[in-house]
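Quick notes on the structure that follows.
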Amino acid sequence: MPKPTVAIVGRPNVGKSTLFNKLSGERISIVEDTPGVTRDRIYNEIEWSGREMLLVDTGGIEPKTNDEMLKYMRLQANIAIETADVVIFMTDVRTGLTADDRDIARMLLKAKKKTVLCVNKVDSVGALPSEFYEFYELGFIGEPIAVSSTHGTGTGDLLDEVVSLLPEADADETEDDRVKVAVIGKPNAGKSSIINRILGEERLIVSNVPGTTRDAVNTLLDNEYGKYVFIDTAGIRKKARVDDRIEKYSVLRAKMSVEKADVCVLMIDAEKGITDQDEHIAGLAHESGKPSVIVVNKWDLIEKDDNTAREFTDKIRVALSYMSYAPILFVSAKTGQRTEKLFEFINYVYEQSNLRISTGMLNDVLNDALTKVQPPSDKGRRLKIYYMTQIQVAPPTFVIFCNERELFHFSYQRYIENQLRTVFGFNGTPIKIIIRQKGDDPV
Ligand code: GDP
Ligand code: GDP
């Protein structure tokens, strides 16, 4: 279970960093490699009432000295909306409610973000100042919470409220724990043969369960490697009358299976070699963000020497260049050679597609990457990358916040993706990178 994220947003100077540091319990800063540049650290792990969380100070994304701080407000609110489980929206009782406060509030309310409204700089104990009551106007659920970040008063109430809004600690453990597998590939690649082979060898087949459409039957399989559902096995095993001789139909069928799957097994006929239709079908898995295992079948028919597997691998890598992440397994459904290996491969890419990397580690890798290869510039403007965070698994999805999306050339995205893969793996799975620039509306 990943730690939930709590982001502090608000206008400049309301006291976000002061609160962040207070809650973090220390004054922390990172000195960057460039001499003379000190950047406040913007995330830290904290614990309250036994709940751990990642606290993010969105105000720290740009250096405090930047006069154009105001421009980044919307960017910061967007970061919070996209990445945080709960937002602490901070305001300042001394200035009272301002137009900028309303602007941020609108964004949070529109995104239906769980928000704790915090009114800062309420330093004196006793009756609340009348300005405090203005903040009710914003229309958030729950009371505004008065705090003094410098003194630390009210922060306990604030964290109680935050914790009450966090997602349940074991919320995502209740999902069906079976790995859903789609076996896809062009007609005659050997899909039904491999499924029959796998099922035929197993004593522990549970049952055939009807799928959503009359035609689609899923097969449950439990073995020493885990619990699986093979999707739409009827469509594969019984040769449908509207046969997959019609390419469009077989592609549609593959598409529907892929959508339901956690893992795709892409069958390639070794005898035929890799064809356009294989590329097309593989593309479905890639585009859907599903992890894949490439299975080269009918290996028994191939006359082999030491280089045969490597040469075949090279051909696949060229034809399916967008899928260089997928591992390749050579099998024979007919003889059963290496077919059992398939389960290890399925488990492996499934785990990889569910990897979650902490924001701290990601930004360490990002900073390393930025130091090694400077971001591109164009007509005197240089790409600035502020921050990166993983917002989703399966497929691993990252949001990178930068100054101008247009400067973020594809080649540099590729470079960042390769750095992530080098450090963290993500083998077998596509990864998604979403680029956000200042002023963007949240997705
Ligand atoms: P940020 O721009 O929102 O991160 O704001 P800072 O944390 O940098 O604070 C802006 C100014 O407000 C600083 O001078 C702080 O010392 C001051 N400040 C922050 N919190 C409080 C508070 O609770 N009471 C008072 N009186 N001043 C505060
Ligand atoms: P599907 O259309 O993808 O389901 O392919 P099938 O499983 O029906 O296989 C098509 C043909 O290839 C059948 O005649 C199978 O017997 C044959 N076949 C499948 N796998 C192998 C294999 O590993 N080796 C050999 N020699 N033939 C195979």
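Start at 1 and go down the list; that is how both ligands and their atoms are numbered.
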With heavy atoms and a 4.0 Å threshold, my read on which part of Leu19 contacts ligand 1 is neither
Could you say whether the N/O atoms of Ala333 and ligand 2 ever approach to under 3.5 Å? yes
Under 3.5 Å, is there a donor-acceptor pair linking the side chains of Asp262 and Tyr228? no
Using side-chain contact (heavy atoms from CB on, under 4.5 Å) as the criterion, list what pairs up with Tyr348, not counting sequence neighbours. Gln352, Asn427
Pro187 and ligand 2 - part of the residue with a heavy-atom distance under 4.0 Å: backbone
Arg11 neighbourhood, listing ligand 1 atoms whose heavy-atom distance to it stays under 4.0 Å: 3 (O)
Quiz question: by atom type and distance under 3.5 Å, do the side chains of Thr389 and Thr359 form a donor-acceptor pair? yes
Out of Lys298, Lys191, Arg197, whose heavy atom sits nearest atom 1 (P) of ligand 2? Lys191
When you compare ligand 2 with Leu301, is there at least one nitrogen or oxygen pair between them that comes in under 3.5 angstrom? no
Counting heavy atoms under 4.0 Å, the part of Asn188 that contacts ligand 2 is both
Determine, using heavy atoms of Arg94 and all atoms of ligand 1, whether some pair is separated by less than 4.0 Å. yes
Mind checking whether Val147 has an N or O less than 3.5 Å away from an N or O of ligand 1? no
Nitrogen or oxygen atoms of Asp300 and ligand 2 under 3.5 Å apart: yes
Just one of Asn188, Asp278, Ile294, Val295 clears the side chain to side chain contact (heavy atoms under 4.5 Å, CB included) bar with Met267, so which one? Val295
Would you tell me which option among Asp92, Val119, Asn13 has the nearest heavy-atom contact to atom 10 (C) of ligand 1? Asn13
Would one find an N or O of Gly190, backbone or side chain, under 3.5 Å from an N or O of ligand 2? yes
Is the closest N or O pair between Pro12 and ligand 1 shorter than 3.5 Å? no
Which ligand 2 atoms, with their elements, are less than 4.0 angstrom from a heavy-atom of Ser193? 6 (P), 7 (O), 9 (O), 15 (C), 19 (C), 20 (N)
Arg436 backbone acceptor or donor facing Arg405 side chain under 3.5 Å: no
Are a donor atom and an acceptor atom from the side chains of Thr335 and Asp300 found within less than 3.5 Å of each other? no
Does His151 reach ligand 1, in the sense of a heavy atom lying below 4.0 Å from it? no
With no hydrogens and no angle check, just 3.5 Å: does a side-chain donor-acceptor pair link Arg338 and Ser332? no
I want to confirm something. Looking only at heavy atoms, which of Ser332, Ala189, Ser192, Ala270 is nearest to atom 8 (O) of ligand 2? Ser192
Do ligand 1 and Thr18 have nitrogen or oxygen atoms that lie under 3.5 Å from each other? yes
Is Gly185 close enough to touch ligand 2? Criterion: a residue heavy atom under 4.0 Å from a ligand atom. no
Are there more than 12 heavy atoms of other residues, nucleotides or ligands under 6.0 Å from atom NZ of Lys227? no
Does the distance from a Lys or Arg side-chain N to an Asp or Glu carboxylate O, for Asp92 and Lys121, drop under 4.0 Å? yes
Could you verify whether a donor N or O on one side chain and an acceptor N or O on the other, from Ser24 and Asn21, lie under 3.5 Å apart? no
When you check the side-chain N and O atoms of Ser149 and Asn120, is any donor under 3.5 Å from an acceptor? yes
Just which atoms of ligand 1 are under 4.0 Å from any heavy atom in Ser148? 23 (O)
Test side-chain contact (heavy atoms from CB on, under 4.5 Å) on Thr115 and Val86 and set out the steps. CA-CA 6 Å; Thr115 301; Val86 175; over 6 Å; no
